[in-house]
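Below is one structure, written out as structure tokens; the observations come after it.
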Amino acid sequence: MLSQAAVGIAIAGALAVAAALAPAKAQETVKIGLILPMTGGQASTGKQIDNAIKLYMQQHGDTVAGKKIEVILRDDATLPDNTKRFAQELIVNDKVNIIAGFGVTPAALAAAPLATQAKIPEIVMAAGTSIITERSPYIVRTSFTLAQSSTIIADWAVKNGIKKVATLTSDYAPGNDALNFFKEHFVAGGGEIVEEVKVPLANPDFAPFLQRMKDAKPDAMFVFVPAGQGGNFMKQYAERGLDKSGIKVIGPGDVTDDDLLNNMGDAVLGTVTAHIYSVAHPSAMNKEFVAAYKKAFGSRPGFMAVGGYDGIHLIYEALKKTGGKTDGDALIEAMKGMKWESPRGPISIDPETRDIVQNVYIRKVEKVDGELYNLEFATFEAVKDSGKTKK
């Protein structure tokens, strides 16, 4: 039989074990399944978003509302079948509370039914087709829509004497959105489309298409290629002598992504785009963000980095609102109508559509201190997705 002292020690030991386990139990982990293209043609998108999330967590810690934040990264290489498989594995095996990332539209759409079934938020940090948020009541977007920028660059072109435009767009949903919204506004304003070409999404060779652009003799070319492909496009644009022909490039800002802009050479000077972010955005918050990102990763952040930075901010703030509750419906409710200051400017989540409302800036590529920048010269405030405002 145990002596009283031994029993006391055993109880004390049990209590110590219980005490040690209690905080672990109270401080459950919130798991975020991050699905991004870390390899392949859209790798720069994945790397920027992953970097920005790491930066945010370095700055704000990895605990929110008493919960530990764990990010599980999967590389889908922009293949929707991979996206779907990873989303399924993350939800079923890893028991994630949130899925996030999604470098391209087909990836975001592949995961949508799984988010609905599991009733967990899907935070879209990159993909830009208008319909995405309509595919699940659990989708919230912190990136942009192509409609936001394409309509604004169309209106700007008409007002600035551009009468004839040839269009070159990637042949998938966002490219079609960019083309359709641009065309609708440009033609309604009295402009004419003189040539229209669509290029394959994967590994496009722009050269033959650029020749058609040149032959059409437009005032400008409207270009949409996804982030990561702008450098290759500009290289071939210069090789074909289009920069010398007086045909300027206009479009949404993906083509002059800050991440790659500095390596594009002087052929890109004068390119005018409408976009949601520039590394040269003059706010104090953006200057701090750019400096911190450069220090951490040795490169400039682009608009994809901001989509990731704001995406993780949205998750943190929603968890604060729910007091750490990870119920999908509660988190989505907390996200609706949320407003904050981002490195890109003031943004909010439209409570009706769960899509992002943000400023769109008209920018021109200029050289400052030997480096190329998208310098903002006009601002359109609180732009909603016109793909939805018409419905």
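Just so you know, residue 1 is the first one in the sequence shown, and it goes up from there.
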Please work out whether the ring planes of F289 and Y309 are parallel, tilted or perpendicular, with thresholds of 30° and 60°.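 Rings of F289 and Y309: tilted, 30 to 60°.
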Does the side chain of [Y] come within less than 4.5 Å of [X]'s, by heavy atoms?
| X | Y | answer |
| --- | --- | --- |
| L168 | M213 | yes |
| P80 | L109 | no |
| T271 | M234 | yes |
| I132 | T105 | yes |
| V140 | L314 | yes |
| S278 | D258 | yes |
| M221 | V165 | no |
| F144 | P252 | no |

Under 3.5 Å donor-acceptor, [X] side chain and [Y] backbone:
| X | Y | answer |
| --- | --- | --- |
| E288 | S283 | no |
| N286 | V279 | yes |
| K321 | A334 | yes |
| Q48 | A305 | yes |

Mind running side chain to side chain contact (heavy atoms under 4.5 Å, CB included) on K388 and K384 for me, showing each step along the way? CA-CA 8 Å; K388 298 189 186 75; K384 289 189 173 188; over 6 Å; no
Taking atom [atom1] of [X] as the centre, report whether more than 12 heavy atoms of other residues, nucleotides or ligands fall under 6.0 Å from it.
| X | atom1 | result |
| --- | --- | --- |
| K214 | NZ | yes |
| K84 | NZ | no |
| K235 | NZ | no |
| Q117 | CD | no |

How many angstroms lie between atom [atom1] of [X] and atom [atom2] of [Y], to the nearest 0.5 angstrom?
| X | Y | atom1 | atom2 | value |
| --- | --- | --- | --- | --- |
| S143 | Q358 | OG | CD | 8.0 Å |
| I362 | I250 | CD1 | CD1 | 9.5 Å |
| E192 | E195 | CD | CD | 11.5 Å |
| E333 | K336 | CD | NZ | 4.0 Å |
| D76 | T39 | CG | OG1 | 8.0 Å |

Residue that, paired with E376, satisfies side chain to side chain donor-acceptor pair (under 3.5 Å) out of H281, R363, H275: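 Result for side chain to side chain donor-acceptor pair (under 3.5 Å) with E376: H281.
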Candidate pair V30 and K68, rule side chain to side chain contact (heavy atoms under 4.5 Å, CB included), full reasoning: CA-CA 6 Å; V30 175; K68 185 96 168 144; over 6 Å; no
When you compare the side chains of [X] and [Y], does any donor N or O come within less than 3.5 Å of an acceptor on the partner?
| X | Y | value |
| --- | --- | --- |
| D177 | T129 | no |
| N359 | T379 | no |
| T142 | D310 | no |
| Y293 | N51 | yes |
| D385 | T145 | yes |
| E184 | N180 | no |

Using ring-ring contact (aromatic ring centres under 6.0 Å, His included), reason through Y56 and Y316 one step at a time and then give a plain yes or no. CA-CA 10 Å; Y56 188 90; Y316 271 48; 5.1 Å; yes
Any residue meeting side chain to side chain donor-acceptor pair (under 3.5 Å) with Y373, in chain and number order, not counting sequence neighbours: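 Only E371 meet the side chain to side chain donor-acceptor pair (under 3.5 Å) criterion with Y373.
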Got a sec, which residues hit side chain to side chain donor-acceptor pair (under 3.5 Å) with K367, two or more places apart in sequence or on another chain?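 Partners of K367 under the side chain to side chain donor-acceptor pair (under 3.5 Å) test: D266.
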Side-chain donor/acceptor pairs under 3.5 Å, residues 202-210, sequence neighbours excluded:
unit_1 : atom_1 : unit_2 : atom_2 : d
D205   : OD1    : A207   : N      : 3.2

Between R85 and D81 (salt bridge meaning N to carboxylate O under 4.0 Å), is one present in this structure?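 Between D81 and R85 there is no salt bridge, as every charged N stays at least 4.0 Å from the carboxylate O atoms.
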Basic-acidic side-chain contact under 4.0 Å: R141, D355: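 Salt bridge: yes.
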Are D259 and R300 close enough, and set up right, to give a salt bridge (charged side-chain N to carboxylate O under 4.0 Å, His left out), and what steps lead you there? CA-CA 6 Å; D259 187 34; R300 287 179 179 185; over 6 Å; no
Which residue in the set T167, I153, D254 passes side-chain contact (heavy atoms from CB on, under 4.5 Å) when paired with F224?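 The residue from T167, I153, D254 that satisfies side-chain contact (heavy atoms from CB on, under 4.5 Å) with F224 turns out to be D254.
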Take I32 and V96 through the test side chain to side chain contact (heavy atoms under 4.5 Å, CB included) and record every step on the way to the result. CA-CA 6 Å; I32 301 166; V96 297; over 6 Å; no
Applying side chain to side chain donor-acceptor pair (under 3.5 Å), run through T326 and K67 and close with a yes or a no. CA-CA 10 Å; T326 54; K67 300 285 178 85; 5.1 Å; no
Could you state whether Y172 and L79 fall into the same hydrophobic cluster, counting links through intermediate Ile, Leu, Val, Met, Phe, Trp or Tyr residues with side-chain heavy atoms under 4.5 angstrom apart?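 Looking at the clustering, L79 is in a separate group from Y172.
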Before giving the answer on side chain to side chain contact (heavy atoms under 4.5 Å, CB included), spell out for T83 and F102 the whole-Å C-alpha distance, their side-chain angles and the decisive distance to 0.1 Å. CA-CA 8 Å; T83 316; F102 310 102; 3.9 Å; yes
